[in-house]
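Naming convention: chains lettered A, B, ... in sequence-line order (proteins, then strands); numbering from 1 in each chain. What's counted below: heavy atoms across the whole structure, side chains too, no hydrogens, waters or symmetry copies.
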There are 2 protein chains.
Amino acid sequence: MARRNEHSKDELQRLTLKAVKDFLTLYPPQELSLRKVAKLIGYAPATVINSFGSYGELLLAANAEALDELHTLSAVAIRDENNPQLALRKLSRVYLAYARKYPYRWHLAFEHRIPDQKVLPEWQKSRIDRLFALFTEQLSRTGAQRTLQDIHIASRVIWAGVHGICLLAAGGGALQEKHATGEQMLDMFLKNFMGSYMKQEKTYSKLSTEI
Amino acid sequence: MARRNEHSKDELQRLTLKAVKDFLTLYPPQELSLRKVAKLIGYAPATVINSFGSYGELLLAANAEALDELHTLSAVAIRDENNPQLALRKLSRVYLAYARKYPYRWHLAFEHRIPDQKVLPEWQKSRIDRLFALFTEQLSRTGAQRTLQDIHIASRVIWAGVHGICLLAAGGGALQEKHATGEQMLDMFLKNFMGSYMKQEKTYSKLSTEI
DNA sequence: TTTATAAACAGAACACTGTTCACTATCTGA
DNA sequence: TCAGATAGTGAACAGTGTTCTGTTTATAAA
């Protein structure tokens with residue numbers, strides 16, 4: 001049996017990614033396998049590999065879709081928000097909501113490891129950068145006088161904080177936080193960090209000896 | 001061949017955990033396997049399973065050792081530090097140093113997922129709690145007048161921030177940050193967060209925390 | 001219309017993986 | 001000396017990702 005030609009190459013990829021996405025909405029990545037994906041879409045395992053190069057690259061593609069989804073949700077959420085601090089807050093809530101609603105996809109998106117020292121594709125890095133950029137843009141709008149480098153660092157710090165908090169609030173395992181909600185942690189984080197961030201004028205690096 | 005009796009049950013476990021630890025010092029967890037562990041210690045795969053219950057539980061035990069190591073390093077680092085803010089800074093640096101030096105063990109310690117809905121052992125949770133407690137203690141010493149719940153939340157926020165930053169600074173993959181060092185991010189995070197955290201209510205307890 | 005070529009798959013085989021279970025040696029206590 | 005427990009193995013099993021060979025079909029040229 002060969003050459004069924006029921007789907008074009010693109011259709012087959014979309015079909016496969018949809019199957020992966022649907023699976024990861026309900027079940028963790030560790031329970032997925034190449035052979036299960038193949039069975040889900042009614043093709044042979046080798047066909048899936050033919051289409052994506054390897055199982056790992058298939059996961060990477062699914063990963064990219066999740067990042068796109070998260071980016072779109074974020075962009076929409078802050079579209080009409082003029083106050084940059086409120087926008088940052090909304091951004092963080094979108095992350096938390098996504099991590100809660102699709103823990104497995106969220107988990108895969110940020111924890112997927114490339115097998116060895118393989119260079120991971122540029123389109124993947126650019127997707128991460130695009131997520132960071134959402135924070136950078138809002139920081140630029142705050143009116144605080146900071147260098148570009150400072151804004152860059154601050155955007156990473158905020159992302160890191162939000163990510164860590166989502167890990168505690170929505171990530172399974174031993175890290176699960178019980179006595180504090182994600183919203184509480186996010187609010188305390190942003191309120192304190194931004195409160196101090198807005199007040200200083202000097203670049204941060206000059207203050208390295210203060211503490 | 002049976003009953004070699006070269007090692008006691010405890011010795012065998014220590015031997016196995018050492019092999020895992022040594023392996024993870026150089027190679028990522030995904031390259032390890034039950035059969036490799038068995039080969040490393042010169043026993044049959046089934047013997048390792050007999051000893052730990054399953055391969056997953058072996059990883060969990062190795063995990064626990066890493067958490068212990070991190071806790072010990074942290075405790076030592078702040079032993080003679082009276083200034084709680086400086087202690088928090090030192091704590092964060094220990095985390096960063098560990099994540100950089102042993103990325104695979106660090107990675108395993110915090111990203112290891114239990115297979116399904118299996119309840120993960122209490123000794124694992126308590127190890128995480130012990131790590132959090134290091135932050136909580138220092139926060140209690142700052143002199144800032146906060147409720148216990150506030151301190152609890154703040155400790156989680158700080159841990160989350162530190163963890164996220166370590167992910168950016170030392171975690172491989174697409175998250176690797178190039179234009180900012182871990183130290184820069186940690187300092188900006190702690191300085192801003194603590195700066196604002198300390199200031200509320202400060203007028204009532206001014207002298208205690210002035211440097 | 002016939003023929004060559006390339007594309008689209010499938011199937012079997014390979015080297016792995018973690019786990020189970022029957023089994024055998026060896027040690028220990030009576 | 002003789003059970004019984006202990007320590008450990010080896011083979012088998014179901015599953016994994018990947019590779020390679022082969023076959024069917026669509027397409028283009030003659």
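Within a heavy-atom distance below 4.0 Å of DNA chain D, no residue of residues 19-26 of chain A is found.
Qualifying salt bridge (Lys or Arg N to Asp or Glu O under 4.0 Å) partners for Glu57(A), counting only residues two or more places apart in sequence or in other chains: none. Applying the salt bridge (Lys or Arg N to Asp or Glu O under 4.0 Å) rule to Glu177(A) yields the partners Arg156(B); only residues at least two apart in sequence or on another chain are considered.
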Side-chain donor-acceptor pairs of residues 17-29 of chain B under 3.5 Å, sequence neighbours excluded:
residue  : atom : partner   : partner atom : Å
Lys18(B) : NZ   : Asp22(B)  : OD1          : 3.3
Lys18(B) : NZ   : Asp22(B)  : OD2          : 2.6
Thr25(B) : OG1  : Lys21(B)  : O            : 2.8
Thr25(B) : OG1  : Arg105(B) : NH1          : 2.7

For a quick test of your reading: what N or O donor-acceptor pairs under 3.5 Å do the side chains of residues 159-168 of chain B make, sequence neighbours left out?
none

- What's the verdict on side chain to side chain contact (heavy atoms under 4.5 Å, CB included) for Asn63(B) and Arg127(B), showing C-alpha distance, side-chain angles and the deciding distance? CA-CA 10 Å; Asn63(B) 184 322; Arg127(B) 275 178 168 89; over 6 Å; no

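With rounding to whole Å, Gln13(A) atom CD is found 11 Å from dA8(C) atom P. The CG atom of Leu12(B) sits 10 Å away from the C1' atom of dG8(D) (whole-angstrom rounding). Between the C1' atom of dG18(C) and the CG atom of Leu58(B) lies a distance of 12 Å, rounded to the nearest Å. In this structure, CD of Glu57(B) is placed 13 Å from C1' of dG18(C), rounded to the nearest angstrom. Tyr43(A) has its OH atom 20 Å from the C1' atom of dT18(D), to the nearest Å. Going from atom NZ of Lys9(B) over to atom P of dG8(D) covers 9 Å, rounded to whole Å. To the nearest angstrom, C1' of dA10(C) lies 10 Å from CG of Asn50(A). The interatomic distance linking Leu15(B) (CG) with dA7(D) (P) rounds to 16 Å, in whole Å.
The backbone N or O of Ser51(B) sits less than 3.5 Å from a side-chain atom of Gln13(B), completing a donor-acceptor pair. Glu11(A) contributes a side-chain N or O that, together with a main-chain N or O of Ser8(A), makes up a donor-acceptor pair within less than 3.5 Å. Listed for the Lys36(A) side chain is a donor-acceptor partner under 3.5 Å among the backbone atoms of Glu31(A).
Residue Ala46(B) is in base contact, counting any heavy-atom pair closer than 4.0 Å across all strands shown.
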List every contact pair, protein side and nucleotides 14-17 of chain D side both N or O, where the distance is under 3.5 Å.
residue : atom : partner  : partner atom : Å
dT16(D) : OP1  : Ser33(A) : OG           : 2.8
dG17(D) : OP1  : Leu34(A) : N            : 2.6
dG17(D) : OP2  : Leu34(A) : N            : 2.9
dG17(D) : OP2  : Arg35(A) : N            : 3.3
dG17(D) : N7   : Arg35(A) : NH1          : 2.3
dG17(D) : O6   : Arg35(A) : NH1          : 3.3
dG17(D) : O6   : Arg35(A) : NH2          : 3.4

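Here the CD atom belonging to Glu183(B) is positioned 8.5 Å from the CE atom belonging to Met185(B), to the nearest 0.5 angstrom.
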